[in-house]
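These notes concern the structure reproduced below.
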Amino acid sequence: MAAMMASTAATTAALGCVASGQEVGRQVCTTQKMYNGLRVATAFPGQKKIEESAFASIKIRSKAIVTMAVATDVSRFEGVSMAPADPILGVSEAFKRDNSDMKLNLGVGAYRTEELQPYVLEVVKKAEKKMLEAGENKEYLPIEGLAAFNKATAELLLGADNPVIKQQRVATVQGLSGTGSLRLGAAFIQRYFPGVKVLISSPTWGNHKNILNDAGVPWSEYRYFDPKTVGLDFEGMIADIKDAPNGSIILLHGCAHNPTGIDPTPEQWEKIADVCQEKDHMPFFDVAYQGFASGSLDDDASSVRRFVARGIELFVAQSYSKNLGLYAERIGAINVVVSSPEVATKVKSQLKRLARPMYSNPPVHGARIVANVVGDPTMFDEWRAEMQAMAGRIKTVRQRLYDELSTKDKSSKDWSFVLKQIGMFSFTGLNKAQSDNMTDKWHVYMTKDGRISLAGLNLAKCAFLADAIIDSFYNVQ
Ligand code: KET
């Protein structure tokens, strides 16, 4: 200890320029460099005050450690500002920090059981067991991903007997779940349709804007949600899509629109397809909830299939996070449906070229699970049953929440929009201050746009949630 103190004193003395509380400047530090041969001088572009505590807290045993301490104080990363928390995933982080027994996480769209626990599908466990028994290796996948997965995912989306599949007019590349697949599609747009604008719904899943911004793709919004009717502003939507320059790209949610839970009717989809054809617009479908909206994989893909049947070229990003509960496996795909097999081959080659420098090739585990489940008729049926059970549980809590809201609210407010919305979410209409009240007073974690994930709610908590919503709605402006 005495030796260490002596050495500390000696070092500090030698480093006269960095004594406690002393102003240190470029010139002095240059002198210091002469004393010690340390690199500290270059770390001081200007005047800097060294705090005593900074030195008290570290044990100065060698010149090298002093160098590190000084260099940390004047990081070259000082210009990096603090990023805001993610509006959705940041909610889960805040939820973890809350110690209240009341707390309820309705932020992220992730399915929970009636006990509010994460759920691994039985069919996924079965597929994993089969994979383990088969002794699969961990070799790299090709850039485009697992062939059996790509075949299964395109067939699931479009229907196995869809002519575009038979005619080999679909370029499918396995992606890093929905987000990574959207990002790959956006990179393709940036490279091959530079300057072409993507129209996104107002509102939309918040990450769409980030994905397009980071890919350098310009975007603007089309009207979608009408707060007055708590429904679709279909006329506004059509008018804005018509107004966009010919050949724009229109981002559409295949089913279970996030965050509103409001989808166009079949007739409205036809009208949207009419306008896309008139204006030579190209749809870009985001299909993150196939099977979760209605419980049927085919019904939830009908919007996409409608456009494909008309011969419209389009992009579709798919995700297996929700419908197979494979959130952390990052499994999904980007599909580009085009007019000829030759074009499909070229488009696929360019998607691979974009993927290679970004992440080289995708992970294999989730791809094998999907390929096994979809490729085995028994497991496929088991999956559909489990998916229907998940979708069914969400519908049950939706109904209970509506019942509680209607019973507890003595005013004439119509809460039936809760029942009309579909998918994982309810868009409550609560504003930011009201959503803050939900969290600050009631410990209900939700996104600040008023969205709640019903997948994180159970029957037992519906009455409590209704109290929180009614309080926030009427007592907070
Ligand atoms: N599209 C939509 C519309 C979407 O809601 C999500 C996820 C994704 C794509 C991407 O999911 P991935 O896991 O990359 O396949 N939404 C939920 C989670 C998140 O924000 O990442 C959510 O809205 O809570």
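Just so you know, ligand 1 is whichever comes first in the structure, and atom 1 is the first atom listed for that ligand.
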- prompt: Using the ring of each side chain (for Trp, its six-membered ring), is Tyr224 parallel, tilted or perpendicular to His257, with breaks at 30° and 60°?
  reply: parallel
Atom of Pro363, atom of Arg330 and distance for their closest heavy-atom approach: CG-O, 4.1 Å
- prompt: So which bit of Asn258 gets within less than 4.0 Å of ligand 1, heavy atoms only: side chain, backbone, both or neither?
  reply: side chain
task: Give the numbers and elements of all ligand 1 atoms closer than 4.0 Å to a heavy atom of Gly109.
output: 22 (C), 24 (O)
field: Where at least one partner belongs to residues 180-190, residue pairs that pass side-chain hydrogen bond (donor to acceptor under 3.5 Å, both in side chains), sequence neighbours excluded
entry: none
- line: In ligand 1, the atoms that come under 4.0 Å of a heavy atom of Lys322 are 7 (C), 16 (N), 17 (C), 18 (C), 22 (C)
field: Smallest separation among heavy atoms of Asn372 and Met131, with atom names
entry: ND2-CG, 3.5 Å
message: Can you tell me how the ring of Phe425 sits relative to the ring of Tyr289, calling it parallel under 30°, perpendicular over 60° and tilted otherwise?
response: perpendicular
statement: In ligand 1, the atoms that come under 4.0 Å of a heavy atom of Arg451 are 22 (C), 23 (O), 24 (O)
- prompt: For ligand 1, which atoms have a heavy atom of Ser177 less than 4.0 angstrom away?
  reply: 12 (P), 13 (O), 14 (O), 15 (O)
- prompt: Can you list the atoms of ligand 1 that are under 4.0 Å from a heavy atom of Ser321?
  reply: 12 (P), 13 (O), 15 (O)
- request: Under 4.0 Å, heavy atoms only, figure out whether ligand 1 is touched by the backbone of Met424, its side chain, both or neither.
  value: neither
- prompt: After noting the C-alpha distance and the side-chain angles of Lys125 and Glu128, does the key distance pass the salt bridge (Lys or Arg N to Asp or Glu O under 4.0 Å) rule?
  reply: CA-CA 5 Å; Lys125 290 185 200 159; Glu128 285 178 324; over 6 Å; no
task: Go through ligand 1 atom by atom and flag the ones less than 4.0 Å from a non-hydrogen atom of Arg330.
output: 12 (P), 13 (O), 14 (O)
- prompt: With backbone taken as N, CA, C and O and side chain as the heavy atoms from C-beta onward, which portion of Val108 lies under 4.0 Å from ligand 1: side chain, backbone, both, or neither?
  reply: both
- line: Ranking Ile331, Asp86, Thr179 by closest non-hydrogen atom to atom 10 (C) of ligand 1, top hit is Thr179
message: So if I count the atoms of ligand 1 from 1 in the order they appear, which ones are less than 4.0 Å from some heavy atom of Ser319?
response: 12 (P), 15 (O)
